[in-house]
Amino acid sequence: MSHGDQIKWTLAGKALLCGLFSGVLVVIYRGLLAWGTGVASDIYLYLRLHPLYIAPWCLLAVVVGLAVGWMVKKVPMASGSGIPQIKGVLLNGLKLAALPVLAVRYVGGTLCSLFGLSLGREGPSIEIGAAGSQLLGGKLRRTREEGAFLVAGGAAAGLSAAFNAPLSGMMFALEEIYRSFSPLVLLTAAAAGLSADFVSKYWFGLRPVLDFSTVPQMSVFGMLWMIPFGIVVGIIGALTNRFLLGAQTLYGRMPEWMRAPLSMLIAVPVGLFFPYVLGGGEQMIHICESLTMPFGMLALMMLAKMLFTATSFGSGVPGGIFMPILAIGASCGAAFGTGLSLLDQIPVRGITAFAVYGMAAALAACVKSPITAIMLTVEMSGSVMHMLPVAICTFTALFVSDVLHTQPIYSVLLDRYMASHEGGASSRSGTAMMEFPVEPGSLADGARVGSLDMPRSAVLVTIIRGSAEVIPYDSTRLVPGDYLVVVFPTSHTSGVHEGMRRLCQGGGAGLSGGGAGAASGAASAGGGVEPGGANGGKIV
């Protein structure tokens with residue numbers, strides 16, 4: 001093999017091992033949370049029959065909330081979803097203290113599940129997978145860049161093991177975590193995701209977590225409803241986004257010690273009077289699939305899940321929002337489908353299809369990861385025959401979300417984390433390497449290397465063109481599909497990443513008209529990168 005192929009397949013082998021290790025860690029986490037949520041349901045059932053014990057349970061909720069709040073204060077990287085933190089590790093040079101994060105995720109997440117908080121396991125599983133991959137990858141990697149690829153692969157392994165959905169894990173690593181469709185990232189995520197999925201399927205069985213293999217195929221006439229349905233789900237997804245961020249803002253105005261206990265106390269009346277919305281949302285999704293609730297109850301359950309998820313997640317306790325968003329979308333879809341069924345527009349069995357499509361559309365509207373949402377639906381349904389209607393619905397919801405100026409929630413959460421923990425998670429020292437694909441219509445498309453307005457801290461070391469590596473001379477002209485391999489100080493990761501994305505992403509106005517914008521964007525992105533002039537990037 002060529003030297004490049006040797007590096008590629010060696011990295012894939014290491015990712016395979018990291019995926020196996022991360023898969024075991026996520027399987028343990030899944031088991032703990034499933035046990036905790038089951039115990040919470042039994043406890044709230046007991047409390048409804050024995051109300052004298054409600055007051056002691058509330059007191060215990062406050063004590064446990066104080067303990068969880070103390071853990072999160074000590075290890076802020078383990079707060080909330082975990083996805084923004086992993087993005088910060090890969091794109092902003094944050095440190096990931098793997099062992100403390102794992103400890104808080106396991107202990108804090110289990111304690112929160114015992115009170116039934118509306119938190120998902122998928123975001124934490126992604127961080128657990130990344131942390132596990134960093135632990136093992138630290139022993140296997142030869143360079144810091146390999147370590148970064150393995151962390152991205154561990155994130156894919158986490159989602160793959162959490163959902164028994166390896167393709168979705170791979171796509172999420174590319175679309176949301178790493179924000180780059182690099183061949184090395186793809187190969188690493190594929191190897192880690194598939195091996196983690198093997199562990200998960202061995203432990204939990206071959207079916208996906210949300211098995212919709214019996215979803216009826218949507219008729220051509222039924223697909224006409226995808227546009228109005230997408231509009232409705234887009235509005236619901238945008239509202240969910242605002243509820244989550246608004247609740248976090250409100251909690252931020254409270255004393256830090258009060259936030260986790262308050263979320264625990266809110267869970268008590270919810271568990272007593274609305275037990276269907278406890279936990280991540282698997283039970284709620286199965287209710288939507290079973291067609292056992294009338295329209296009014298479905299709408300009420302959706303609203304209760306939105307509010308309860310906001311109060312649970314906004315407090316900063318360990319837990320994610322991925323599954324709750326899917327549950328909100330499923331209940332919205334079931335309610336919409338039930339309404340159409342009552343009007344004799346679709347058969348009753350078609351309601352299940354709307355529930356599945358609603359999950360994908362709500363995820364796209366709130367998170368802004370439409371390809372992952374579509375892929376997840378395909379894996380859950382076990383068939384590509386739903387791809388057309390779910391794509392219509394998903395992109396309609398995404399359009400509505402954009403019209404409503406909804407920001408990608410994980411990006412906003414990362415910005416908030418960086419602002420509130422500045423200096424708390426110090427940047428890594430040394431150098432880093434990253435690939436940036438040249439997209440058609442970008443500032444770099446058709447430009448010569450010597451005229452690139454690169455961030456001054458970035459050094460272009462090679463250009464990957466197909467299977468060949470091209471030495472970048474000043475006269476080398478770039479074409480779409482090239483991958484620019486850039487080395488830079490790790491402390492400048494955020495600025496270099498932003499500047500190179502502006503340079504390489506499509507939609508640019510031409511090199512002469514937008515080069516300065518790319519440079520100033522890199523300078524203002526917070527990484528300490530100095531703007532380059534016409535030949536500001538160092539070319540080797």
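Positions are given from 1, in the same order as the sequence printed here.
- Counting all heavy atoms, side chain and backbone alike, A310 lies closest to A247 at O-CB, 3.2 Å.
- Separating the CD atom in Q407 from the SG atom in C366 is a distance of 12.0 Å, to the nearest 0.5 Å.
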For a side chain to side chain contact (heavy atoms under 4.5 Å, CB included) check, start with the C-alpha distance between V356 and H386, then their side-chain angles and the critical distance, and finish with the verdict.
CA-CA 10 Å; V356 176; H386 300 286; over 6 Å; no
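- Note: H50 and Y53 have perpendicular aromatic rings, judged against thresholds of 30 and 60 degrees for the angle between ring planes.
- Between I321 and I409, the closest side-chain pair of non-hydrogen atoms falls below 4.5 Å.
- Inter-residue side-chain proximity for S118 and V277 is flagged as unmet; no heavy-atom pair is nearer than 4.5 Å.
- With sequence neighbours left out, P255 forms a side-chain contact (heavy atoms from CB on, under 4.5 Å) with W257, M258.
- Panel note: side chain S125, backbone G158; no donor-acceptor pair is recorded below 3.5 Å.
- Counting only distance, with no hydrogens or angles, the side chain of Y251 and the backbone of T311 share a donor-acceptor pair below 3.5 Å.
- A donor-acceptor pair under 3.5 Å links the side-chain atoms of S168 to the main chain of L376, judged by distance alone.
- In this structure the side chain of V89 never reaches within 4.5 angstrom of the side chain of K95, judged on heavy atoms.
- Ring geometry for F229 versus F336: interplanar angle of 30 to 60°, hence tilted.
- Side-chain N or O atoms of S133 include none that pairs as donor or acceptor with a backbone N or O of G129 at under 3.5 Å.
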Going through the distances and angles, do I128 and S22 end up as a side chain to side chain contact (heavy atoms under 4.5 Å, CB included)?
CA-CA 7 Å; I128 288 172; S22 298; over 6 Å; no
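- Here the straight-line distance linking atom CE of M170 with atom OG1 of T372 works out to 11.0 Å at 0.5 Å rounding.
- Atom-to-atom distance recorded for E289:CD and I351:CD1 is 12.5 Å, nearest 0.5 angstrom.
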Criterion side chain to side chain contact (heavy atoms under 4.5 Å, CB included) on L413 and Q248, from CA distance to verdict
CA-CA 9 Å; L413 292 173; Q248 188 185 60; 3.5 Å; yes
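- Nearest heavy-atom pair, P76 versus Y417, reported as atom, atom and distance to 0.1 Å: O-CE1, 3.6 Å.
- The minimum heavy-atom distance linking R105 with G319 is given by the pair NH1-N, 3.4 Å.
- A distance of 8.5 Å separates CZ of F274 from CG of L303, quoted to the nearest 0.5 Å.
- Separating the CD atom in Q85 from the CG atom in L414 is a distance of 8.0 Å, to the nearest 0.5 Å.
- E282 has a carboxylate O that lies under 4.0 Å from a charged side-chain N of R121, or vice versa, which qualifies the two as a salt bridge.
- With sequence neighbours left out, A40 forms a side-chain contact (heavy atoms from CB on, under 4.5 Å) with Y44.
- The closest side-chain heavy-atom distance from M226 to F354 is below 4.5 Å.
- Contact check for L119 versus F308: no side-chain heavy atoms found under the 4.5 Å cut-off.
- Within the 3.5 Å criterion, the main-chain N or O of G205 finds a donor-acceptor partner in the side chain of N164.
- In the model, S411 has a side-chain atom that pairs as donor or acceptor with a side-chain atom of K87 under 3.5 Å.
- Nearest heavy-atom pair, K305 versus G279, reported as atom, atom and distance to 0.1 Å: NZ-O, 2.7 Å.
- At least one side-chain heavy atom of F172 sits under 4.5 Å from a side-chain heavy atom of I83.
- Side-chain N or O atoms of N241 include none that pairs as donor or acceptor with a backbone N or O of T406 at under 3.5 Å.
- A donor and an acceptor atom, one from each side chain of R416 and T249, are located under 3.5 Å apart.
- Note that the CE atom of M293 and the CD1 atom of I287 stand 4.5 Å from one another [nearest 0.5 Å].
- Counting only distance, with no hydrogens or angles, the side chain of Q134 and the backbone of L96 share a donor-acceptor pair below 3.5 Å.
- Checked against side-chain contact (heavy atoms from CB on, under 4.5 Å), F204 has the following partners two or more places apart in sequence or in another chain: V27, R30, S200.
- One N or O on the side chain of T37 and one on the backbone of L33 form a donor-acceptor pair closer than 3.5 Å.
- Counting only heavy atoms from C-beta outward, the side chains of Q345 and F221 approach each other to under 4.5 Å.
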Stepwise side chain to side chain contact (heavy atoms under 4.5 Å, CB included) test for L326 and F163
CA-CA 12 Å; L326 294 180; F163 264 121; 3.4 Å; yes
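- Residues T394 and L398 fail the side-chain proximity criterion, which asks for heavy atoms closer than 4.5 Å.
- In this structure a side-chain-to-backbone donor-acceptor pair under 3.5 Å is missing from R48 to F273.
- The two residues L20 and S195 make their nearest non-hydrogen contact at N-OG, 3.4 Å.
- Panel note: side chain S341, backbone G337; no donor-acceptor pair is recorded below 3.5 Å.
- Summarising the geometry of M302 relative to C332, their closest heavy-atom pair is SD-CB, 3.4 Å, with the distance given to 0.1 Å.
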